[in-house]
Amino acid sequence: MNKMRYLPMRRSKLVGTEGPGSLVISPEGETAVVGALDLWFKDFSGNKAKHVEEFAVNEPRLKSILKVDKFYRPPEFRKSSENTLEVVPNSNLVMPLMRFPRWHYCTFCKSLRKLELDQTSIYLDCSQCETKRYFKQVPFVVICEHGHLSDFPWDKWVHGEINSSCTGNLRIGMSGGTTLDSWIIECNGCGNRRGLKGVTASHNGEEKTSVLGETLNKVGSTKYTCEGERPWCGEEKEECSAAPVAILRNSISVYMAKKISALAIPGDYSENVDLIVSKIQSPAKYLARVNLNIIDGFDNKVKYLKNNLRFELNEEVSDHDIREALMYIEAGEEYEYTDEDLEKPGMLIKEKEFEKLTSKVNSNELRVEPEWINGSAIANDNYYKPYLERLSRVLKLKETTALYGFDRKEYRNNDDYSNYYPSLFKDYESLKEKWLPVSEVYGEGIFLQMNQRKIEEWENTIEVKEYFERYIQRVSHIEHRDETILTPKNIMMHTLSHFLIEEFANVCGYNRSAIRERLYLSEGQTGILIYISGGDSEGTLGGLVRLGLQEKFFHILDKAKNNAEWCSSDPVCTELGQSQGQGVNDLNGAACYNCSHIPETSCEYWNLYLDRSLLIDSKIGYFKD
């Protein structure tokens, strides 16, 4: 199927929802699984790229936290030149795609047939119709909590036996209706018939079970367990005893990417050093980076760079600046973290970011311009002065996102990133260098810092304490993915961020899904960064950052606060939020899809830990006065 084999893919999605092990869909509705990382950087013929270093990315903070040797961007496709004298480096590189699920059915007679992972054509000779027919993929697959992905065991299911020896032709029958419950599988060889009702159900109690695992065998007590297939690596299988769960192939639970991101932070040295680093790391300087690895001696490298960058650097750049830049790139000693530091890597990454966002920065990769600072000469008096500390416009930022693994079935909270790495590779143990895929995107944003003293006064009021104690009791049985969110300050700021995103989307012209939040909620931090980062047409054209001007922002903040005061589901939304909670595991207060939810890709906490009451309630709201 050439159209699937050469399916266009966005590089940014390969470090996310379409990473290794995920299912991608073609315009024709067919799905394929994205191949493992050690199958990347190969051309049509399977030849490995000779100049992979071109796609290398240097992000010392992420590298120290993830403890890997390298980061690489997914390659873009470059067509080789027809002129034999013109060499296009890294040409014809394609991403590996395998057909999955492999089971298909004839659209005329509904006979089932299992194809190969590398099958290209889906117009095949049907043994029952005795002519060429179009074969369509079955709608669901089987997953397990250990990350395996398998075909549904059609032959075993219809015969009700794991070790069935019947080789009769299988056929899908319909009993009326549009759901899977109406499907009936028939075997022409032995005459067995079996429906699919309830086959996608699972139970996630202490003993994790599924209808498929418990009921596949009609006779005996032997359970059917996961077959341990890893089709993104080829025909590989692993031993697995987990309960297999049948699920629609387009379900979000089939692939939940595990990512970590960091903003590029300029060093504590001069702007000249930052400029040199950004120039060396730019794609245009690939050959310069290759030559640097060949040149012996630090002084010789300095001379080479001084000559290579002579047209791009100003006269103020000294040999000392170039030496500092080389030391930063080659060593990254600034980010040698201890095991104690790495216990909470998310907080570690944001600590330096918060420091830079609360100051004025003007570098190639981060530009922060203070717009309003409480008590300063540049701050106009307004209603929100007691509540806020700082408003800054982030004119430029660079976000680096690394994909380190994925979950299936349910999202797990696991800070030991290295446990996930083997799932991305076909043969992880034999790798010469441990690497992960990353994406780099530039963007713009608005940074808002709340008044720490005012927040502490508000949190210590009797009404807020009593209200939040009831909330903690209500969610005490839940295993939280991030305990730091469980304070009135953090839930209030998270909710405010959502209403600001909603209002920005109405005014700036970007989609809500293009606007994201980055919350700084650790002790001593009271910051909200709302930003856009995109590598395509939803890029950075100033549509958001212009709303950070004083004359625009406070009007938007006022509208966001007013929107929080009312929900179209009120009084139900407010009453439920204050009594029994809403959302997954009742983790939300007065917050629902009609008022405070945004696209989950824009939210750091999956639309959980939200409560409008902490913003605007007449007794406990931060803005109640």
Side-chain angles (χ1 to χ4, degrees), residues 4-24 31-59 62-63 65-78 90 92-100 117-118 143 146-149 228-238 254-262 400-408 414 416-441 535:
M4 172 157 295
R5 179 173 288 178
Y6 309 133
L7 175 68
M9 302 179 72
R10 288 176 57 184
R11 296 169 74 195
S12 59
K13 285 194 171 184
L14 288 166
V15 186
T17 55
E18 295 180 0
S22 67
L23 293 178
V24 295
T31 57
V33 62
V34 180
L37 289 179
D38 34 7
L39 303 179
W40 288 24
F41 299 107
K42 294 183 179 181
D43 62 16
F44 297 124
S45 304
N47 300 314
K48 191 79 174 177
K50 296 180 180 178
H51 306 292
V52 179
E53 285 299 317
E54 177 186 353
F55 304 107
V57 171
N58 185 54
E59 175 45 68
L62 277 183
K63 189 181 292 184
I65 286 171
L66 293 171
K67 297 181 179 178
V68 294
D69 302 318
K70 287 284 184 70
F71 290 132
Y72 290 109
R73 293 187 304 271
E76 73 268 17
F77 178 76
R78 302 170 188 164
N90 292 320
N92 295 330
L93 297 184
V94 291
M95 302 307 300
L97 293 178
M98 293 81 161
R99 174 177 294 277
F100 200 85
L117 288 172
D118 59 353
I143 62 173
H146 296 151
H148 296 126
L149 178 67
E229 293 186 3
R230 304 174 74 222
W232 62 98
C233 303
E235 300 288 351
E236 283 198 359
K237 284 190 177 184
E238 295 178 337
V254 171
Y255 190 87
M256 292 172 281
K258 307 283 284 189
K259 301 183 292 182
I260 184 171
S261 65
T400 303
T401 302
L403 175 74
Y404 63 86
F406 59 86
D407 281 326
R408 301 199 198 276
N414 190 340
D416 192 352
Y417 302 121
S418 59
N419 288 342
Y420 283 96
Y421 301 166
S423 65
L424 297 175
F425 293 88
K426 181 177 181 180
D427 188 6
Y428 179 71
E429 296 302 325
S430 64
L431 286 179
K432 294 181 180 178
E433 63 175 17
K434 311 299 183 187
W435 68 276
L436 293 173
V438 297
S439 66
E440 293 181 298
V441 288

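All values derive from a computational prediction rather than experimental measurement.
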Handout entry: Ring center gap for Y255 and W232 short of 6.0 angstrom
Key = no
Handout entry: Approximate separation, where rounding is to 0.5 Å, of L436 CG and Y404 OH
Key = 10.5 Å
Exercise for the section: Mark yes or no: K434 above the aromatic ring of Y428, with NZ or CZ under 6.0 Å from the six-membered ring centre and no more than 45 degrees from the axis. Expected result: yes
Problem - Passing candidate, side-chain hydrogen bond (donor to acceptor under 3.5 Å, both in side chains) with H148, options K237, E229, E238 - result: E238
Handout entry: Cationic N near anionic O, under 4.0 Å, E54 to R73
Key = no
Handout entry: Student check: side-chain heavy atoms of V34 and M9 closer than 4.5 Å
Key = yes
Practice task
Any chance you could measure Y417, atom OH, to I260, atom CD1, to the nearest 0.5 Å?
Solution key: 3.5 Å
Exercise for the section: Verify, without hydrogens or angle tests, whether D38 (side chain) and D427 (backbone) share a donor-acceptor contact under 3.5 angstrom. Expected result: yes
Handout entry: Atom pair OG (S439) and CZ (R10), whose distance is rounded to the nearest 0.5 Å
Key = 10.5 Å
Practice task
Could you tell me whether a side-chain N or O of T31 sits under 3.5 Å from a main-chain N or O of F100, the two making a donor and an acceptor?
Solution key: yes
Practice task
Look at the side chain of R230 and the backbone N and O of G147, then say whether any donor-acceptor pair between them is shorter than 3.5 Å.
Solution key: no
Fill in the blank from the handout: When rounded to the nearest 0.5 Å, the distance separating OH of Y421 from CG of L37 is 12.0 Å
Problem - Gap between atom CG of L403 and atom NZ of K258 - 0.5 Å precision - result: 11.0 Å
Exercise for the section: Would you please test F71 and L66 for side chain to side chain contact (heavy atoms under 4.5 Å, CB included) and show each step? Expected result: CA-CA 10 Å; F71 290 132; L66 293 171; 3.9 Å; yes
Practice task
Before giving the answer on ring pair (Phe, Tyr, Trp, His ring centres under 6.0 Å), spell out for W435 and F41 the whole-Å C-alpha distance, their side-chain angles and the decisive distance to 0.1 Å.
Solution key: CA-CA 13 Å; W435 68 276; F41 299 107; 5.7 Å; yes
Problem - Salt bridge E76-R11, side-chain N to carboxylate O under 4.0 Å - result: yes
Exercise for the section: Give a yes or no on whether the backbone of V254 and the side-chain of R408 come within a donor-acceptor separation of less than 3.5 Å. Expected result: yes
Practice task
List the steps, then state whether side chain to side chain contact (heavy atoms under 4.5 Å, CB included) holds for L97 with V33.
Solution key: CA-CA 6 Å; L97 293 178; V33 62; over 6 Å; no
Practice task
Decide yes or no on side chain to side chain contact (heavy atoms under 4.5 Å, CB included) for L93 and F77, but give the supporting numbers first.
Solution key: CA-CA 6 Å; L93 297 184; F77 178 76; 5.8 Å; no
Completion exercise
Shortest non-hydrogen pair, A49 vs V52, comes out as O-CG2, 3.5 Å
Handout entry: Point-to-point distance, once rounded to the nearest 0.5 Å, from CG of D69 to NZ of K63
Key = 8.0 Å
Practice task
Begin from the C-alpha positions of L39 and M98 and carry the test side chain to side chain contact (heavy atoms under 4.5 Å, CB included) through to its verdict.
Solution key: CA-CA 11 Å; L39 303 179; M98 293 81 161; 3.6 Å; yes
